[in-house]
Amino acid sequence: MTKPAPLTAHPARRLSGGVSVPGDKSISHRALMLGALAIGETIVDGLLEGEDVMRTARALRALGAEIAREDAGGPGGRWRVRGVGVGGLAEPATTLDLGNAGTGARLLMGMVASQPITCQFTGDQSLCARPMGRIARPLEEMGARIIARAGCRLPLAVIGAAEPLPIAYRLPVPSAQIKSAVLLAGLNAPGETRVIEPRPTRDHSERMLRHFGAEIGVETLADGGRRITLAGEPELEARAVAVPGDPSSAAFPVVAGLIAPGSEITLRGVGVNPLRAGLFETLAEMGADIAFENRREQSGEPVADITIRAGALEGVEVPAARAPSMIDEYPILAVAAACARGETVMRGLGELRVKESDRLAAIVAGLRAAGVEAAAEGDDLRISGHAGPPPGGGMVESRLDHRIAMAFLVLGLGAKAPVTVDDSRPIATSFPGFVDLFRELGARLD
Ligand code: S3P
């Protein structure tokens, strides 16, 4: 491992310009996975070339798919995937090391669980601390065996089922990763696999399965939940995928532009899937000036250009029901809340404790280090806004968590004094080019 790389963000005056953020991480993982299960050659444009997705690519190669970047060295991220067909994965000769990538590890566990192969999974210190029992349980119901240490953490082995069973599974927590693992396992099971989600979570798997030719039905239930039904053993056909910009990455320049006085920023080609749009909804309630233009569809996903202008923000109460649609955006929302007038309360954040770090604790510690009053009360987070720039000036621990690192650098751009994060290396997992993009907008990061 290289040495920690501290990074300092200095208070910014006016950020301006038009930029594109890297491809969506969730969609990039799925494009490679479905490409690997399809017959023929899938071309993926705009693939996120962050460490997480590169780990998934490496694991899929070990499982038999051919994956290569086309115009090596050039811009754009065009990748070719030659798939093995549903049911055609090979037993890997090495342990699959997913690094920091929770989505990579969990979805791949699903993919291999219904194939007669044994795979070992590991990851970095953060991933090895995250719960995998939530994935193991439904996969065991389908006939796979999972061998793990106490608490069901990585490293673990999945012994895939030779005769997988389709199941109907009700998600115990709203999680697109659990849903997707079950659906991916269901691809190689006969009959119908069903997932019932009490609250809708991001539906990139459903959209992409349909894009690759799978038969998938989605019903909205009377209680607001959803039932997803997948017909097993489809023949997936190779497809072209154009990956939209990641709204979870766009969130950082969006909030930076709102809190750095005089800013105006346009982000081109950002994914605006309604099940990912909770942050935009919340910022609009806070009084943010956000405009969506040029709405279009790209490989089955809605996309738009987003323009934001700096202005005063008001504290709000964010309901627990909104959490699934902005689950990765609480660190950056906390930064907006620190600059807003009055108090912001975010409810129902229990799932934040099992992300790349305990994000509830990381947000509170980071805000306090930067002179902002914040407290976790059970699963709720309460932040006292400064009605403008908060003090800043502290050193924030990034805790192997890319979004914690990026959020607190943005806080430095909107604070009175610079903010330093102790280690900026995790940013490369999801947002390569973060520093260059912010410099292009006029920020000082060093
Ligand atoms: C993801 C789902 C979410 C999210 C993660 C990506 C996905 O996790 O936090 O960054 O691509 O399915 P959960 O399913 O654990 O909520």
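Start at 1 and go down the list; that is how both ligands and their atoms are numbered.
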(request) Quick one: list whatever passes ring-ring contact (aromatic ring centres under 6.0 Å, His included) with Phe431, sequence neighbours left out. (result)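 Phe431 satisfies ring-ring contact (aromatic ring centres under 6.0 Å, His included) with Phe434 only.
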(request) With sequence neighbours excluded, give me every side-chain hydrogen bond (donor to acceptor under 3.5 Å, both in side chains) pair touching residues 175-194. (result)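 Counting only pairs at least two positions apart or across chains, the side-chain hydrogen bond (donor to acceptor under 3.5 Å, both in side chains) contacts touching residues 175-194 are Arg30-Ser180, Thr103-Gln177, Arg106-Gln177, Lys179-Glu197, Lys179-Thr201, Lys179-Glu206, Ser180-Ser205, Glu192-Arg194.
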Any ion pair linking [Y] and [X] (charged N to carboxylate O, less than 4.0 Å)?
X	Y	value
Asp97	Arg55	yes
Arg296	Asp305	yes
Glu237	Arg239	yes

(request) List in chain and number order the residues that pass salt bridge (charged side-chain N to carboxylate O under 4.0 Å, His left out) with Arg82, two or more places apart in sequence or in another chain; answer none if no residue qualifies. (result)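 Partners of Arg82 by the salt bridge (charged side-chain N to carboxylate O under 4.0 Å, His left out) criterion, ordered by chain and then number, come out as Glu41.
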(request) Taking only heavy atoms of the protein into account, state which residues are under 4.0 angstrom from an atom of ligand 1, in chain and number order. (result) Ser26, Arg30, Thr103, Ser175, Ala176, Gln177, Arg202, Ile327, Asp328, Lys355
